[in-house]
Amino acid sequence: MLSIQLFRQNKELILAGLKKKNFKDLELVDKIISVDERRRALQVENDALASAQNTAAKSIGQLMAKGDKEGAELLKEKVGLHKEQAKDIAQKLSDLETELQDMLVRLPNLPHIAVPEGKTPEDNEVVREGGKIPDLSAQKLPHWELTDKYGLINFELGNKITGSGFPVFMGQGAKLQRSLIQYFLNWNIDAGYMEVAPPFMVNEASAYGTGQLPDKEGQMYHATEDNFFLIPTAEVPVTNLYRDTIIQEFELPVKMTAYSPCFRREAGSYGKDVRGLNRVHQFDKVEVVQLAHPAKSYEVLESMVHHVEKLIQSLELPYRILRLCGGDMSFASAITYDFEVYSAAQERWLEVSSVSNFETFQTNRMKIRFKDGNGKTQLVHSLNGSSLALPRIIACLLENNQTPEGIKIPKALQPYFGKEIID
RNA sequence: GGAGAGGUGGCAGAGUGGUCGAUUGCGGCAGUCUUGAAAACUGUUGACUGUCAUAGGUCCGGGGGUUCGAAUCCCUCCCUCUCCGCCA
């Protein structure tokens, strides 16, 4: 959520940012400013009345203590006259506050200066490419055929016991997945992230904190009986660990990593985009989250990008890094780098990680703050990224490394998987 | 699922209608002492809003009510703990 101070200080900055993010409802900005002005004026009135009431109540108390019953009664009557008026103003004030809040939460975060202009994925900027696209002239099966061939994943059984988009990993497939999780977590721990094993369901306040609510409830599975949401990413429980806390400045940056399954309804998806592992309703992911000093958050972002890039390189996969354009970025993000790996049999790029700086957008909602050198509380910046999302990594590993003899396992993973080849 | 207890400042824990934003202890910060540290002693220490700065206002789990006045009384919702039952 954008802070209201910014609307008072720099309306033009907000308008420019929203435009870049391809946000349509720009009149909202003026509405917010005018409601905020009315709200503040009313606040002054309300506070003055409250102040008068407080002093009167105190005087009555003192008169009673002295035994001056008549004087007390007299004052009571006087105060009673203003009660209705005060109630009326307080009601109006709270209505305005609600209205203001409702409008504020509908505005997305403003994009960073480095974010390219644009509306669609075509406008994203390729920052770097790496790795080598393999030559698959000998054999070129898409991963959903490879998983069948080697008995790694059973999509049919997933259909049977749950529904489409819930693959069942089996045998070496299950082990491959488990070894990747282990590898990724260790990679992050070695870089100084603390491992967290969070709950996979969260309450409403947590879903609101990271920006899933309001508006995006349709993307989450909802356990209505208990009003819990299945997490779409570990970012939600992990970032919310620090909701409503003031962190010591010396503790920054806070670095955490978590493995979790992720649940996404993905309503309305269809076609070849969702074939095999390309898009599923439940998948595994290892996430990194940092809470950083505002002055350092862009350094932190660079280091996270570098960290994920090295990880992908260690898996020997061809990849590219995109800087997302304003129109393609998520609601809460100020800047996002997407990592895609090349799926050599499908001949397409698949997103496997997304690293973002949210600046104060999430922390303003969650009230995650620190005390600066002057003893003033400030919001920290929150950042996160996948390192990495499993299914598409698996799809690429299978497709890119297929040989007539079997599927080769990259060196870095071999100690975890225990074999050099799937056959 | 049944029965009971309870939610107060970073933590512990007082406070049952009137200068209570809240006694006290611990912790934190600053100082005295010390070569330095510890101990001891002294002082200081909540958040939000608002103002150029004051002032003012709000906050004792959330919401609502009674009252001139609520942390304290009433209603309601949420959460935590203990015992029993069930269970990985």
Side-chain angles (χ1 to χ4, degrees), chain A residues 1-9 32-33 35-105 197 199-209 213-214 222-229 237 240-252 254 261 291 360 363-380:
Chain A
M1 187 169 70
L2 300 174
S3 57
I4 189 68
Q5 285 84 350
L6 193 60
F7 289 81
R8 298 174 198 159
Q9 290 157 5
I32 286 171
I33 290 171
V35 170
D36 178 50
E37 273 165 12
R38 276 190 288 150
R39 200 214 92 230
R40 276 191 291 167
L42 211 56
Q43 179 90 55
V44 170
E45 243 182 285
N46 179 71
D47 289 359
L49 276 173
S51 177
Q53 272 181 317
N54 286 343
T55 43
K58 247 172 216 173
S59 304
I60 290 170
Q62 278 160 2
L63 288 173
M64 303 271 269
K66 269 193 281 180
D68 183 358
K69 267 205 157 164
E70 259 175 60
E73 286 304 321
L74 217 69
L75 201 48
K76 267 195 206 181
E77 271 174 51
K78 239 173 112 185
V79 179
L81 293 176
H82 298 292
K83 268 192 99 179
E84 280 309 307
Q85 192 196 356
K87 219 173 179 173
D88 190 46
I89 287 178
Q91 182 58 48
K92 276 189 190 139
L93 183 61
S94 107
D95 287 349
L96 281 180
E97 276 165 358
T98 312
E99 193 184 342
L100 187 63
Q101 188 67 14
D102 288 350
M103 290 193 289
L104 276 174
V105 297
F200 303 149
M201 293 198 209
V202 294
N203 57 28
E204 240 177 309
S206 297
Y208 170 82
L213 294 180
H222 188 192
T224 52
E225 188 82 5
D226 300 284
N227 200 23
F228 291 151
F229 294 89
N240 271 282
L241 293 175
Y242 281 86
R243 171 152 48 86
D244 290 318
T245 52
I246 298 179
I247 304 169
Q248 298 289 311
E249 188 172 12
F250 69 81
E251 290 178 292
L252 299 175
V254 173
L291 300 172
T360 59
T363 56
N364 188 30
R365 290 187 175 204
M366 280 185 276
K367 300 288 170 262
I368 305 180
R369 293 155 295 170
F370 74 101
K371 254 196 188 21
D372 67 19
N374 302 321
K376 278 197 67 175
T377 52
Q378 276 190 58
L379 295 169
V380 304

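So that the names make sense, note that chain A is the first sequence line, chain B the second, and so on, each numbered from 1.
- Here the CD1 atom belonging to A/I246 is positioned 12.0 Å from the CD atom belonging to A/Q378, to the nearest 0.5 angstrom.
- Remark: P of B/A55 and CG of A/N46 are 19 Å apart, rounded to the nearest angstrom.
- The separation of B/A71 from B/G61, taken at their P atoms, amounts to 10 Å, rounded to a whole angstrom.
- Rounded to whole Å, atom C1' of B/G56 lies 12 Å from atom NZ of A/K58.
- For A/S51, taking side-chain heavy atoms from C-beta onward, the closest of the listed nucleotides B/G56, B/G50, B/A47 is B/G56.
- Applying the 4.0 Å criterion to OP1 and OP2 of B/C48, one finds that A/R369 has a side-chain N or O inside that range.
- Taking atom C1' in both B/A22 and B/C29, one finds a spacing of 22 Å when rounded to whole Å.
- Going from the P atom of B/A38 to that of B/A30 covers 11 Å, rounded to whole Å.
- No donor-acceptor pair closer than 3.5 Å links the side chain of A/N46 to the backbone N or O of A/L49.
- Among the nucleotides B/G56, B/C68, B/C48, the one closest to the side chain of A/D47 is B/G56.
- B/U80 atom P lies 10 Å from atom CG of A/N203, rounded to whole Å.
- The 5' end of RNA chain B is approached more closely, in terms of each residue's nearest nucleotide, by A/V44 than by the other of A/V44 and A/F228.
- A distance of 7.0 Å separates CD1 in A/I368 from CG in A/N240, rounded to the nearest 0.5 Å.
- For B/G63 and B/C26, the C1' atoms lie 34 Å apart once the distance is rounded to whole Å.
- Taking atom P in both B/G18 and B/A70, the straight-line distance is 11 Å, to the nearest Å.
- The main-chain N or O of A/V380 is found under 3.5 Å from a side-chain atom of A/T363 such that the two form a donor-acceptor pair.
- Look at B/U42: its Watson-Crick or wobble partner, with both distances under 3.5 angstrom, is B/A30.
- B/G61 atom P lies 15 Å from atom CG of A/D244, rounded to whole Å.
- For A/K92, the NZ atom counts as loosely surrounded, since its 6.0 Å shell holds 12 or fewer non-hydrogen atoms of other residues, nucleotides or ligands.
- One can place CG of A/D36 at 12 Å from C1' of B/G50, the figure rounded to the nearest angstrom.
- Place A/D226 and A/A50 on RNA chain B by their nearest nucleotides, and A/A50 ends up nearer the 5' end.
- Here B/U49 presents its P atom at 18 Å from CG of A/L96, a figure rounded to the nearest Å.
- Pair check for B/U54 finds none; no Watson-Crick or G-U wobble contact set falls under 3.5 Å.
- For B/A5, the paired base is B/U80 (Watson-Crick or G-U wobble, both distances below 3.5 Å).
- Using P as the reference atom, B/C74 and B/A5 are 14 Å apart when rounded to the nearest Å.
- With a 3.5 Å ceiling on both atom-pair distances, B/A71 lacks any Watson-Crick or G-U wobble partner.
- The gap from the C1' atom of B/G43 to that of B/A55 amounts to 27 Å, rounded to the nearest Å.
- The nucleotide whose nearest atom lies closest to any side-chain atom of A/A57 is, among B/U51, B/U66, B/G18, B/G18.
- Proximity note for A/Q5 (side chain, C-beta onward) versus B/A47, B/G57, B/G50: the nearest is B/G50.
- In this structure, B/A12 and B/U24 make a Watson-Crick or G-U wobble pair, each of the two defining distances being under 3.5 angstrom.
- Side-chain contact between A/R365 and A/V105: present, with at least one pair of heavy atoms (C-beta onward) separated by less than 4.5 Å.
- Look at the P atom in both B/U8 and B/G4: the space between them is 22 Å, to the nearest Å.
- Side-chain polar atoms of A/S51 and A/N54 form no donor-acceptor pair below 3.5 angstrom.
- When the nucleotides B/A47, B/U66, B/C68 are ranked by their closest atom to the side chain of A/T377, B/A47 comes out on top.
- Put simply, NZ on A/K367 is 15 Å from P on B/A47, counting in whole angstrom units.
- For A/N54, the side-chain atoms get nearest to B/G57 when compared with the rest of B/G50, B/G57, B/U66.
- Residue A/K371 contributes atom NZ, which lies 18 Å from atom P of B/U44 at whole-angstrom precision.
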